[in-house]
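See structure below.
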Amino acid sequence: MDSALIPKGVKRCSIGQFILGIGLVGVVLLWGVFAMLLCWLKGLNQTNMNNAYGFAMWIWADLAVIALGGGAFFTGFLRYIIGKDELKNIINYAVLIGFICYSSALLILAIDVGQPLRGWFIFWHANVHSMLTEVAFCITCYFGVLCIEYVPLVLENRQIDKVPFFHNLSHNMHEIMAIFAATGTFLSFFHQGSLGGVPGVLFGRPFGFREGVFIWPWTFFLFIWSAAAAGPCFTILVTKITEAVTRKKLVKDNVIELLAKISGWMLLTYSIAKIADTWQWATATAPSKGFNLMDFYSNNPLYGIWVLILEIGICGVLPAIILVSNKGRKTAGALWAAVILASLGVCLNRWVMVLQVLAVPVLPFTNWNMYAPSWQEVATTILPVAYGVILIMFSYRYLPIFPQEQELNPVEPPAPQEQQAVSKPETPSDAQEAELKPAEA
Amino acid sequence: MKIDRRSFLSFVIGGAAGTAFTPLPWKLTDDSAIWTQMWPWTPVPDYGEVSYVNSTCTLCPGGCGITVRKIEERVVKIEGLSGHPVNDGGLCLLGLSGAQLLYGPRRVKTPLKKVNGKFRRISWDEAIGELATKLADLRAKGGSHKVAFIAASDQGTLPELINRFLTVYGSPNFIRTPSILDSYELTLDLMHGVQALPGFDIENTDFVLSFGSGLLDGWGSPVHMFRANSSWRDRKSTVVQIEPRLSNTAAKSDKWIPIKPGTEGALALGLAHVIIKESLYKKDFVHNYTIGFEKWRRPVVDGFSPDIVAKITDVDQTTITDLARKFARASKPLAVCGRGRGTTPGSLKEFMAVHALNALVGNLNMAGGLWTIPDADYIDWPELEMDDTASTGMQKGRIDGAGSQNYPHARYLFNRLSEVINSASSPPIDVLGVVGSNPVYTAPDTLSTKEAFEKIPLVVSFSSYMDETAEMADLILPNHIYLERYEDVPVISGIKYPLIGLAKPVIDPQFNTKHTGDVIILLAQALGGFIANAFPWESYEACLEETLGDKWETLLQQGFWLNVSFSPPSWAKAFETASGKFEFVNDQIDALPRFSSLKPEGKEASFPLVLIPYDSMRLQREFIGNPPFVIKTVEDTVLKANDVLVEISPDTARPLGLKEGGYAELSTPKGSARVKVHIYDGIKPGLVAIPAGLGHTAYSKYLAGKGVNINSLIGPVEDPASGHDAAWGIRAKLSKA
Amino acid sequence: MQFGSGGYLPPAHSTFGGCGLPHCQIAEKQKTYDNGSKKLPDPSIRLNGVNWPAKIEDDGARSPIENRQFKGVLMEKGKAKKNKKFGMVIDLDKCTGCGSCMVACMAENNVSFREDETDKLLSVTWMRVYKLTNGKPFPDSEICYLPRPCMHCEADHGHSPCVSVCPATATDYDMNTGIVSQIYTRCFGCRYCMAACPYQVRVFNWYDPVWPDGMEKMLSPNVSVRMRGVVEKCSFCFHRYQLAKDKAYYEGRQDLEEDEYQTACTQACPASAITFGNLNDPDHAITQIVRPDHQLGGRSKNPRAFRLLERLGANPKVYYLSNREWVRHSGDNYRPDEVKL
């Protein structure tokens, strides 16, 4: 039925199966939309946040998806700026994941603020000293860049590509993609760094606050570095999951391994820098405000020292070691474990940096602020996941996301009917690919 | 023109792109933001001319001066009146919330009559007419003494009008709601021989010894007490609080002495023992101006040595000895009593024991001591002319038994009312008027109070609010609230000068209400004859103006009238007992110091703990329930959602398996309730403390249904010496729920 | 250099109200000072219920011109030249925890209330009274109340924890008064300021404010009613400052006397535990009590005084007094090796 839209030379599941899949995820999406509407219409009393805990699950989800979406800018940076050519085979997917992550982040922000209709005041009445202003500007701009990076991919759909205008547009956009990759990297440096500054500048919160060189540039770069390290890991993870779900190899091992190796070194250097930061904070910054390290990890039902060990050790150093070792990268199980741990690690880091910051009591006569999200918060946080899955499903089905798919999965001689249906657009598609290659190079 | 897919798409995309370049999206974005800034459901208060009106707050007996800020004809805020002798600009949280009472959702907006269990609106003419007919019928049947009125005060023009009405109608049953004033009046009557109010020269005292009085929890005139406390801090005075629980008063005191509750009287005598033994008493006063000292001294010396008292009170001997010395050696010491806010009269012997301490240190009518303040005497109305019916009615005994053979000294015995009504075969009261009080909520033993009220054929409430008593009433004749009416308020709350405050209308009545004074006058006129003749005034306001005479102008201008030149009579003239001296012992009541603690109700075996109520400024336990602002200030360790938290010590909690915030079943011989537990280091083990002022069933959703009314768990305990309620607690059991 | 004050704000006296949009009607309506109304504010307004130029000697008899000359005298004394730095000192030994300050604040500032206010972390409260305990068992336990308004932190040159983080310049440190403002109609509810404030001063309107039918009559036009979804906090009753300045201006004075501008809580406190005034004016009672060391971020030279979380360097302008060491100790965090109790 929709075979005319499906890229040439690849096999996709039946439309019925596809619709069923979309339907299942769609139910989750609708649940999230319902929760979102509740939050907009009834207000943020639908959440379990309170005056002592004004940042909660959404802000964490925001920071986490922005970190995980870091694969887009960093892979682009490696591909277009550094010139790691192999990565062209995964850059499309990295861009798609980045697009999903950043659009989700914006959606979550629109739910999170108390007055969404005034959200644009952040631009109109911008306070240049606020980290959030910088974040808002850069995220919005970078989202624009991601759109520009994603649009050519959409235009590569077989039917759209038939229109000469779109075909040429797509072609020209590919030509200048390096500029956008550079812009994206530049913007990402800023907003990832500023997000690091969000807790780092809170000098009223000794758990998040850093001093001297450890606020600038350290904290800023820790966030950039960790996003650059964990983002590609997440791209690999999603690719691996996609491969598992479609039961196909979509990207060649050498591509994955290259990305994994770079990530591994990033993660290792990050972990070292993070340990230095933690050391300075635990032994100098926090004590100067009257806190011992263990004050942050005791007298509460959740946050123990395990958080620190899990974040830096198990989800930082361990995957880094796996990824930098040739053997680790080549062992499927180890690679899986490493990318999962790295993705988990960056999520945990964002949780610690924004949510544990608020949980730790600062006034000596107050208690830990423990928090569990309401179902509305959970639903609205899952909403972008469902939306991402749907977008991936559509993109995978109708767009040539994986350049190596055809090569890795030669299609058996198709049924005669189908052959006919797809035979016509073959030529332009071929031509396009032929054109693309020099452009990408 | 044929529209194909392509042209349609072009149209849509082109249209969208084109629109984006018009001002429309930007205008919409801007307009939607502006809309959020002025949501129609978020009120925008109007501007208007600002004015201030000075008045007196009558929400408690404190007598604070207030100044009311108005915008046009709206009351916007109530503040304390600067320069007022009671509060000088400060104000308590209830006074500050007055506007919420004025505009509160539970005002009674028009006279109401209960028909088949439901209230129906009636006109004032109908309401007064019906009541007058009922009263006339009753009187004709010789039942005039079966009319009673309950009021919060017996001083001032309104209570006097009610009393006058009852007298000329033929009923002796004017009943004042109970308070420590009952015991203090009796103490002064028996020991000084005067009918007077106690006045405390707290501004000048340098050692305050408080036997459980919540000096900073609403005792006396609250704001005045706060000011006093600040002056004690500034002047480095000493405050000692004797109380089983670390109340706010105890927390602010210099020394908190946790005592076994109910044994305060014994401690007072123990202190007297040390003072006498060590000869620390003021000899000039004791030898020259008192009588009965020798007779009183002997049992004190024999029976109240520190070791004995230590065993009774749980206060160790050195503390007792130290305290006695410090108290006696202070230059201006003052001992006060009356637990908490002083809503329960308490044990007369305890009051007398504490008062004897004041006598021993000779601070009576002295700077920094306890003064006797004569009752206000400005109400001087023509002598009543009464018919036979009235005289016959007046000769019938009071329904509460006050002044009878059994209770010769008590003036009012509100606490006996339920018992008398519930034990009678036919209702001893046919008509009960309730003015400025809410007995169904405030009387101990809610169940039996409700039973009694149900038995009374006609209950008339004059309340401005739909409170618990109003809900049970058959007729509601709503009074204006204090911001809408005139009322003279002789201050009875311990101020050391004779002081009258004037509440005046700061705003027109908001609803179809009527001043209770006017209602009384209209009733009298409707009844005619001698009754009508006794009320020659055309309105309450006219009556008030005439009554206050030369004070009226001062009151109107200044808001209060203060006898600044007042000084209490010297020792030689102060005592009007038969001997003309201060009497340590009074044979009339067998006041010899023999301590027997009034036992709380209940058996220890089945109720191993003792429940005590505690008071707080943030909880109103009297006529006025907490307005929304006030209930908002209540801590989450006192009230959590609709559950009250009771305080117990960790030692008490442990064996019972109770945890902070956990549910428990609290039961007493009077009832039981589901409560939460707050584990508190500031309470003596073995006790359970519950905040008073919660558990309303009436009023608005901001108050109703929150917590438990202490009065539903406790009953009155009759003081054998006076007949007043002397309950300070009740036996209780707490079990995990 | 002035950090954190932005440059986007209208003059200080309108910072509680308008969003700054050119046609924001609420901004016009709610500004209490230059509120766009044609009428000058009523000069006969009395603040604080006090006949309030009381402290200026023989003030009543002076004409506006003479007043201006009188003001010149003040200028010479150096009083009117300096920026003001309003602050508060609360004597915790006098505070009885009665709650008057809380209610006075609610009544003055149109603070909303809900049916259930027992979840204190959802409650809109500008002035919260904390109950501190010394943690000792019976009978050595002690309690102390600690009222906590907004600290109006000066930090380093007005770089208050909350002000610098607000992305929409909805809050500002006013260098002329030392007051941290909040523009409700500009705030879009991101709550970053709440995360930044270590004192939990800032509260969010989780719910629409609702007054029972008829009770909206008690709302004051001097303070905007806050809508759902924005952050609010104590303003040191800034509108009272505006009104007092209006009155002074009308009378030809440029400076205010100490008692002309007092916050609602200060005025209401039955224990007179709160003293409010200008920390830059050596004649003001607060300055004499606190003796701030401006070289050390306003640290008090009074051994009885302390501020909350002084070690964080926010330099709050609310001071506390207590004779009790454990109470002073409760104001900050200390490592076990620092504790000398």
So what's closer than 4.5 Å to chain B heavy atoms on [X]: side chain, backbone, both or neither?
X: C/Val111; result: both
X: C/Met215; result: both
X: C/Asn323; result: neither
X: C/Glu142; result: backbone
X: C/Ser112; result: backbone

Between [options], the one whose heavy-atom pairs under 4.5 Å with chain B are most numerous:
options: C/Ser272, C/Cys269, C/Pro212, C/Gly229; result: C/Pro212
options: C/Arg114, C/Met218, C/Met102, C/Lys120; result: C/Met218
options: C/Glu216, C/Arg226, C/Arg228; result: C/Arg228
options: C/Ala104, C/Pro209, C/Ala264, C/Ser123; result: C/Ala104

| Is the NZ or CZ atom of B/Arg245 both under 6.0 Å from the centre of the six-membered ring of B/Tyr614 and within 45° of that ring's axis? | yes
| message | Within this structure, what is the CG-CG distance for the pair B/Leu639 and B/Leu645, rounded to the nearest 0.5 Å? | response | 7.5 Å
| query | Hey, what do you get for CG (C/Asn109) to NZ (B/Lys77), rounding to the nearest 0.5 Å? | reply | 8.0 Å
May I ask you to say whether [X] pairs ionically with [Y], meaning some side-chain N is under 4.0 Å from a carboxylate O?
X: C/Glu108; Y: B/Arg69; result: yes
X: C/Glu117; Y: B/Arg618; result: no
X: C/Asp93; Y: C/Arg304; result: yes
X: C/Asp116; Y: B/Lys640; result: no
X: C/Lys247; Y: C/Glu260; result: no

Find the one option among [options] whose heavy-atom pairs under 4.5 Å with chain C are most numerous.
options: B/Trp41, B/Tyr680, B/Trp232; result: B/Trp41
options: B/Asp234, B/Asp651, B/Ile66, B/Ile257; result: B/Asp234
options: B/Gly90, B/Ser230, B/Gly682; result: B/Ser230
options: B/Gly83, B/Pro628, B/Gly218; result: B/Pro628
options: B/Asp636, B/Leu216, B/Val223, B/Leu91; result: B/Leu91
options: B/Lys701, B/Arg233, B/Met617; result: B/Lys701

| Heavy-atom count around B/Lys70 NZ within 6.0 Å, excluding the residue itself: above 12? | yes
| query | Of the backbone (N, CA, C, O) and the side chain (C-beta and beyond), which part of B/Ile71 lies under 4.5 Å from a heavy atom of chain C, both, or neither? | reply | side chain
| note | Whatever's closer than 4.5 Å to a heavy atom in chain C on B/Ser649 counts as neither
| query | Applying a criterion of heavy atom separation less than 4.5 Å, what residues of residues 133-141 of chain C form contacts with chain B? | reply | C/Lys136, C/Pro137, C/Phe138, C/Pro139, C/Ser141
| message | Does any part of the side chain of B/Glu203, heavy atoms only, come nearer than 4.5 Å to the side chain of B/Arg227, both counted from C-beta? | response | no
| query | If we only count heavy atoms from C-beta on, is the B/Gln620 to B/Arg341 side-chain gap below 4.5 Å? | reply | yes
| Any luck finding a side-chain donor-acceptor pair between B/Asn248 and C/Tyr145 under 3.5 Å? | yes
| note | Residues C/Ala268 and B/Leu96: closest non-hydrogen pair is CB-CD1, 3.9 Å
| note | Correct closest heavy-atom pair for C/Trp326 and C/Leu132 would be CH2-O, 3.8 Å
